Amino acid sequence: MVFRRKDRIELKTPAQFDLMRKAGLVVGHTLQRLAIEAGVGVTTGDLDRIAREELRKANAQPSFLGYYGYPAVICTSVNHEVVHGIPNGKPLDDGDILSIDFGAIVDGWHGDSAITIEIGTPIPEQTKLSNVTRASMWAGLAQSVADNHLSDIGHAVEKTIRSAGPYGILEEYVGHGIGTKMHMDPSVPNYGDPGRGMILQVGMALAIEPMVTLGGRHVHTLADNWTVVTDDGSRASHWEHTVAITEQGPWVLTALDGGAEYFAAHGVPSPASTRG
Ligand code: MF3
Ligand code: CO
């Protein structure tokens, strides 16, 4: 029998999406709290402890801790760190840009999401970088519709970023399928031509996560074997949501409102409009 990549895609039932929603809400509520707790003088290690406390309260398990030996429950990437920064004891500074990535498991089902925030006084070019990166994520989420092609997502992400300015879009790191594991097929690049790749189907769940820099797209990994930094030292933003492709449209499992506000404003049918 010919091995088809498509066979490796995990399709979820509506009941399984409801379980993934529970994980997604744990992630969404925790990131909301971390955004409030973060500030000048707070350490990323403090934020990791807060995330562990939220997991305990929610009776949820961490997705990241122990993943290929990863030592924390969140990733915290500061300034020229793009993704996979490890929480540490260094106080955050005024003017820092911080990405926080968090994943949780409820009843065996994963949710994965990331936000970017500024510490203390916002810096306009950083604020714009983060807004563009977030907008590109939402453009991709809005394309997460049955019968679209997989590359329609990356195309929408890329188009949003390119139309905003000369930003760097990472290519070595991509979004991914998600469900009973954090990383599953398919890979979801943040660039590409439309109308390519597999046809999206009801039951698929994807993590869409653009990683964008103020400079070039090239990155390398630090000696800690995790932290991904820009080659040119430029600062970066990372936003991520987990989305379910449902019969009624995209449902953003890690967004507290399921995506209702964005999809209503952009004319995208979504189950979030009635159920949140
Ligand atoms: N959330 C990240 C992603 O989407 C995963 C973090 S890597 C880990 O790819 F090892 F820390 F888990
Ligand atoms: Co992810």
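Here the structure is a predicted model, which means the values were calculated and not measured. Sequential numbering from 1 along the given sequence is applied to the chain's residues. Both ligands and their constituent atoms are indexed starting at 1 by order of listing.
- Protein N/O/S atoms closer than 2.8 Å to the Co ion (ligand 2): Asp112 OD2, His176 NE2, Glu209 OE2, Glu240 OE2.
- Between Arg33 and Glu37 there is a salt bridge, with a side-chain nitrogen of the basic residue lying less than 4.0 Å from a carboxylate oxygen of the acidic one.
- Note: Phe263 and Trp138 meet the aromatic proximity criterion, with ring centroids under 6.0 Å apart.
- At a heavy-atom cutoff of 4.0 Å, ligand 1 is surrounded by Phe64, Tyr67, Tyr70, Cys75, His84, Asp101, Asp112, His176, Met182, His183, Glu209, Trp226, Glu240.
- Between Glu54 and Arg52, none of the side-chain N atoms (NZ, or NE/NH1/NH2) sits under 4.0 Å from a carboxylate O, so this pair counts as no salt bridge.
- The OG atom of Ser63 sits 13.5 Å away from the NZ atom of Lys181 when rounded to the nearest 0.5 Å.
- Annotation: Lys57, atom NZ; neighbour count of heavy atoms from other residues, nucleotides and ligands within 6.0 Å is above 12.
- A salt bridge links Arg275 to Asp18: one of the charged nitrogens lies within less than 4.0 Å of a carboxylate oxygen.
- Going from atom CG of Asn131 over to atom OG1 of Thr116 covers 10.0 Å, rounded to the nearest 0.5 Å.
- Tyr67 has its ring centre less than 6.0 Å from the ring centre of His183.
- Aromatic pair Trp251/Phe17: centroids not less than 6.0 angstrom apart.
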